[in-house]
Amino acid sequence: MALNVYNTRTKRKEPFVPAHPKVVRIYTCGLTVYSAMHIGHARTYCFWDVFRRWLEYRGFHVISVINYTDIDDRIIANAAAGGTGMLDHAEQVIASFRADCRALAIKDYAAYTRATDFVAEQIEAVQALIDKGKAYVVDGEVLYDVRSFERYGELSGRTIDSLQEGASGRTDATERQRKRFFADFTLWKPSKAGEPSWDTGKEAWPSGRPGWHIECSVMSTSTLGQHFDVHGGGIDNLFPHHENEIAQAEPLCGHPWVGYWMHPAHLQLLDEDGKPIKMSKSLGNVISIPELREHHSADQIRWFFGVTHYRSSLAFNWQLVSEASKGFDKVKRAVTTLEQRLEQAPDEDLKIPVQGSYASLRGADQAIPRERESFVYGQYGEASARFIERFIAGMDDDMGTPKATAAVFDYVGELFAGGIEASDDVPSLLAAYRCLTRHLWVLGAELPNARLYPELAVECVGGAERDNAGGGREAALAGVIDKLLELRQEARKAKDFAKSDQIRDLLKDAGVAVEDTPKGPRWEVS
RNA sequence: GGCACGGUGGCCAAGUGGUAAGGCAGAGCUCUGCAAAAGCUCUAUUCGCCGGUUCGAUUCCGGCCCGUGCCUCCA
């Protein structure tokens with residue numbers, strides 16, 4: 001078994017073989033920065049993050065690039081409405097995008113390219129397309145001659161003849177008059193008065209701004225090279241954006257330009273009756289990332305996304321996220337339980353003896369992840385081995401996160417049934433803890449404790465903050481809670497249940513949930 | 001009109017040519033001073049409808065019905 005992914009270009013699942021055996025280069029179409037990202041974008045970007053994490057788990061080094069489209073009519077319009085310039089407006093949206101990504105535990109990309117930083121390269125590419133007879137100039141505007149590209153439509157599975165003019169209801173009559181063919185698209189166009197404009201030094205098209213499609217083709221090849229492994233974007237980008245990108249890039253870079261095209265499906269907002277509704281500003285139903293985070297942790301949100309396969313459209317309403325969150329909470333309780341069982345263990349016991357049992361289950365070329373020997377150990381070793389097998393098989397099958405989450409549930413059930421709540425077997429507990437958190441990390445749920453799993457904790461987006469969070473004030477509060485629980489234990493011992501329940505209620509009112517376990521009380525902030 | 005993708009238990013959601021993962025919700029039991037948590041057991045003779053291929057189809061093929069997306073700048 002090896003990783004297989006669904007390639008939109010071939011409409012098949014294919015073995016994933018990057019151009020370089022150890023390095024994967026990914027370009028993702030990012031945000032047009034006219035307004036902040038919303039849950040729909042979140043679904044897409046979280047998928048890319050899981051994909052990247054899975055590749056890293058698999059031992060690849062990933063170079064991922066995402067772009068900001070910061071030249072766009074809507075940016076200009078929104079900037080004007082807000083009384084700022086286009087670039088200032090873009091700057092603000094980019095800042096909120098980065099904050100939102102952190103809030104969702106999306107790992108940093110190697111590069112975030114901005115269209116305005118690549119204008120010179122775009123001008124060069126446009127000229128090259130003109131020179132190759134792929135583009136023509138009309139009144140200072142450069143248009144791509146779609147009919148000159150024989151493979152046009154191949155990616156999205158259509159033919160030029162099957163396109164219906166105006167079917168999207170968004171065509172512009174005056175633009176149509178300039179085009180030789182209705183599907184021709186803009187590579188470069190003159191700016192209107194007051195809009196940002198760049199000089200090209202070309203006689204026929206002396207100034208203006210680039211079209212949308214050329215931005216991505218140029219940014220991707222400028223950063224990742226003439227050929228790279230994965231090009232992705234939301235399914236809405238499939239046509240015309242990615243089709244046009246291929247039409248631009250292949251005459252310049254060669255065919256095939258990109259190894260794998262991947263397109264996550266959309267998130268679909270549902271109303272109270274369960275009917276799909278359009279998320280739009282005018283309806284006032286756009287859900288932002290801060291709003292989402294008010295109700296759910298990043299881990300819960302990531303889990304919710306993972307339960308549905310990335311190529312299926314995902315229904316969203318608060319009810320559905322809450323149900324998924326409840327499922328995740330059970331998983332988290334297993335992590336918390338293991339953590340608490342290990343809390344008292346001295347540092348010298350937190351080293352896992354290595355044993356090669358798992359390696360023997362697979363061929364040497366499948367020796368993944370690198371830490372596997374430390375996971376398959378002790379009392380829960382067999383359950384862990386089964387879990388890892390299922391998890392890998394699920395993920396390898398075109399990023400089957402639903403299968404991976406199901407494997408996690410079964411594993412967690414086995415750990416509880418195996419008595420983790422009452423166990424003092426530190427090496428076994430630690431191995432299970434690391435096994436579980438390592439795989440949850442792949443799905444974007446970042447739970448490792450820095451003391452118990454330092455190598456993984458540093459991989460986490462919120463790692464540094466999490467480590468510091470334990471100090472100072474919170475530690476003091478924890479001390480108070482522990483003190484109250486001591487009093488409660490004394491009361492329980494004396495069978496003064498009125499008093500013990502009173503303390504529990506008191507803590508509950510303060511947002512601290514108390515549970516009694518065979519090994520004493522356990523609390524968590526709810 | 002064209003192209004694409006879907007229709008699986010109350011809800012969400014995997015899946016395979018050989019007899020339906022997992023989660024949520026629900027019921028019972030165990031444990032517990034109680035609660036919570038956890039565990040165990042139960043909950044689709046059935047996978048939109050109709051044909052066909054097959055020893056056998058939810059899974060392959062054909063038709064139909066329903067839904068969604070796209071067909072020039074929405075992740």
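The shown structure was predicted, so the numbers you read here are calculated from the model rather than taken from an experiment. Hydrogens, waters and symmetry mates are skipped; everything else that's a heavy atom, side chains included, is used. Lettering follows sequence order; numbering is per chain, from 1.
Nearest to the side-chain atoms of A:F239 among the listed nucleotides B:C70, B:G33, B:G22 stands B:C70. Side-chain proximity of A:D501 to the nucleotides B:G33, B:A25, B:G22 is greatest for B:G33. Of the listed nucleotides (B:C73, B:C70, B:G2), B:C73 has the atom at the smallest distance from the side chain of A:K189. Side-chain atoms of A:K326 lie closest to B:A25 of the nucleotides B:C73, B:C34, B:A25. With distances taken from any side-chain atom of A:K403 to the nucleotides B:A36, B:G15, B:C74, the minimum falls on B:G15. You'll find that the side chain of A:D516 is closest to B:C34, out of B:C34, B:G2, B:A38. Checking B:A38, B:C74, B:G22 against every side-chain atom of A:A406, the shortest atom distance belongs to B:G22. Listed nucleotides: B:G15, B:A75, B:G23. Nearest to the side chain of A:N237: B:A75.
If you measure from atom CD1 of A:I160 to atom P of B:G1, you get 23 Å, rounded to the nearest angstrom. Straight-line distance from the CZ atom of A:R209 to the C1' atom of B:C73: 10 Å, rounded to whole Å. Whole-Å rounding puts the A:E515 CD to B:A36 C1' distance at 5 Å. We find that CD1 of A:I289 is positioned 11 Å from C1' of B:A75, with the value rounded to whole Å. Going from atom CG of A:D398 over to atom P of B:G15 covers 9 Å, rounded to whole Å. A:Q300 places its CD atom 17 Å from the P atom of B:G23, with the value rounded to the nearest Å.
Taking the centre of each ring, A:W303 and A:F409 come in below the 6.0 Å mark. In this structure, the ring of A:Y45 has its center less than 6.0 angstrom from the ring center of A:F97. You'll find the ring centres of A:H242 and A:H213 outside the 6.0 Å limit.
The aromatic ring of A:H266 sits over the base of B:A75, with ring centres less than 5.5 Å apart and planes inclined by under 30°.
A:G153 comes within contact range of no nucleotide atom at all, as no heavy-atom separation falls under 4.0 Å. Nucleic acid contact class of A:F497 (heavy atoms, under 4.0 Å, all strands): base. Within 4.0 Å of A:D410, counting heavy atoms only, lie sugar-phosphate atoms of the nucleic acid but no base atom. Nucleic acid contact class of A:F47 (heavy atoms, under 4.0 Å, all strands): none. Across all strands shown, A:G157 has heavy atoms under 4.0 Å from sugar-phosphate atoms exclusively, and none from any base. Across all strands, A:L267 comes closer than 4.0 Å to base atoms (heavy-atom distances). When heavy atoms are screened at a 4.0 angstrom cut-off, A:R333 is found touching the sugar-phosphate backbone but no base atom. Residue contacts shown for A:D161 are absent, as no nucleic acid heavy atom lies under 4.0 Å away. Heavy atoms of A:G30 sit under 4.0 angstrom from primed sugar atoms or phosphate atoms, though from no base atom. If you check every strand for non-hydrogen atoms under 4.0 Å, A:K179 touches a base.
Counted within 6.0 Å of CD on A:E165, heavy atoms from surrounding residues, nucleotides or ligands total more than 12; the atom is thus considered enclosed.
Between A:D516 and A:R522 no salt bridge is recorded (no basic side-chain N to carboxylate O distance below 4.0 Å). The pair A:R302-A:D299 does not meet the salt-bridge criterion, since no charged nitrogen lies less than 4.0 angstrom from a carboxylate oxygen. Salt-bridge annotation for A:R209 and A:D73: present, with a side-chain N of the basic residue lying under 4.0 Å from a carboxylate O of the acidic one.
In RNA chain B, runs of at least 3 consecutive Watson-Crick or G-U pairs, each pair with both distances below 3.5 Å, span B:1-7 with B:65-71, B:10-12 with B:22-24, B:26-30 with B:38-42, B:48-52 with B:60-64.
A donor-acceptor contact under 3.5 angstrom links the side-chain atoms of A:R504 to the base of B:A35. A donor-acceptor contact under 3.5 angstrom links the side-chain atoms of A:Q164 to the base of B:G1.
Phosphate proximity of B:A75 to A:T32: present, with a side-chain N or O under 4.0 Å from OP1 or OP2. Regarding contacts with the backbone of B:A37, every side-chain N or O of A:R522 stays at 4.0 angstrom or more from both OP1 and OP2. Contact between the side-chain N/O atoms of A:R492 and the OP1/OP2 oxygens of B:U32 is not found at any separation under 4.0 Å. At least one side-chain nitrogen or oxygen of A:K330 sits closer than 4.0 Å to the OP1 or OP2 atom of B:G39.
Comparing the P positions of B:C61 and B:G67 gives an interatomic distance of 24 Å, to the nearest angstrom. For the P atoms, the distance linking B:G26 with B:A37 amounts to 11 Å, nearest Å. One P atom belongs to B:C49, the other to B:U58, and the distance between them is 10 Å to the nearest Å. Straight-line distance between the P atoms of B:A14 and B:G52: roughly 31 Å, to the nearest whole Å. For B:C65 and B:G22, the P atoms lie 37 Å apart once the distance is rounded to whole Å. For the P atoms, the distance linking B:C47 with B:U59 amounts to 9 Å, nearest Å. Rounded to whole Å, the separation between the C1' atoms of B:A13 and B:A20 comes to 13 Å. Remark: the separation of the C1' atoms in B:C66 and B:C50 is 15 Å, to the nearest Å.
Minimum interatomic distance between A:I39 and A:F305 (heavy atoms only, all atoms of both residues): O-CZ, 4.2 Å. Between A:E245 and A:C29, the closest heavy-atom pair is OE2-SG, 3.8 Å.
Both cation-pi conditions hold for A:R53 and A:W441: the charged atom is under 6.0 angstrom from the six-membered ring centre and inside a 45 degree cone around its axis. Relative to the six-membered ring of A:Y136, A:R180 meets both conditions, a distance below 6.0 Å and an angle of at most 45° to the axis. A:Y310 does not carry A:R43 over the face of its six-membered ring by the limits of under 6.0 Å from the centre and within 45° of the normal.
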Under-3.5 Å N/O pairs linking protein and nucleotides 7-13 of chain B:
none

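For the pair A:T405 and A:A183, nearest-nucleotide mapping onto RNA chain B gives the more 5' position to A:T405. If A:F181 and A:A417 are placed on RNA chain B by their nearest nucleotide, the residue sitting closer to the 5' end is A:A417.
Contact annotation: the side chain of A:I66 never approaches that of A:W48 to less than 4.5 Å [non-hydrogen atoms, C-beta and beyond]. The closest side-chain heavy-atom distance from A:W523 to A:L485 is below 4.5 Å.
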